[in-house]
Amino acid sequence: VQPNSRTQSLASRLSPNSLARERSVLASWVRADTGGPVYSAIRNAFIDQFSLLYLVLTEGTGSLPEAMRPEYIQLDKDCTTLIGLLLSRSDAWAARDWRKPPILKFLFRRGKTGRPLTRLGIAAQVKELKLADPERWTWPALTAQFCDCGEKQHQISCQDNLRREVLHLEKLLERCGYAV
Ligand SMILES: [Zn+2]
């Protein structure tokens with residue numbers, strides 16, 4: 001676990017045993033052996049952040065102090081984004097029986113309300129390629145491969161949009177303690 005301030009301040013209100021238990025439930029449901037370092041960062045961030053959110057909501061000791069509200073709101077948003085990223089990958093989920101532990105039921109209820117995250121999902125693929133082979137995957141090459149504007153000639157704004165989405169993903173992972 002790479003600690004970050006949000007994880008520490010919210011986790012300090014919860015039992016370390018409960019956190020370890022929920023983390024291991026999630027870890028057994030999300031495959032570790034698919035994709036590269038970006039996928040791993042998304043997976044690790046999800047396991048940390050979602051077990052935290054689940055326990056704050058189910059076993060948090062009373063209501064959160066006002067000072068922690070902004071952290072909680074950001075945690076909630078980040079969880080929705082991370083869930084969208086994982087749910088959009090059919091190879092992310094281990095085939096398990098359907099007697100789901102409570103945290104999984106909670107997860108799939110949330111997942112149903114989440115929007116599909118096509119653009120951020122593409123950003124994850126882009127970042128993965130860039131890390132694997134930066135000389136081949138320049139921004140113009142990535143734009144030609146992934147931009148969905150439909151034009152034959154991509155504009156500089158196409159490249160900017162792609163870079164912005166990758167930056168958005170990088171910031172999310174950094175916030176969760178898993179910078180790539
Ligand atoms: Zn384009």
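Start at 1 and go down the list; that is how both ligands and their atoms are numbered.
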Do the non-hydrogen side-chain atoms of L107 and F46 ever get within less than 4.5 Å of each other?
yes
dist I122:CD1 -> N161:CG (nearest 0.5 Å) comes out at 11.5 Å
Counting N and O atoms only, with roles assigned by atom type, does the side chain of T80 sit under 3.5 Å from a partner on the main chain of D76, one being a donor and the other an acceptor?
yes
Partners passing side chain to side chain contact (heavy atoms under 4.5 Å, CB included) against L167 (at least two apart in sequence or in another chain)
E170, K171
NZ (K77) and CZ (R175) are apart, to the nearest 0.5 Å, by 8.5 Å
Does the structure place the NZ or CZ of K130 under 6.0 Å from the centre of the six-membered ring of W139, at an angle of no more than 45° from the ring's axis?
yes
Everything protein-side that's N, O or S and under 2.8 Å from the Zn ion (ligand 1): list it, residue and atom.
C147 SG, C149 SG, H154 ND1, C158 SG
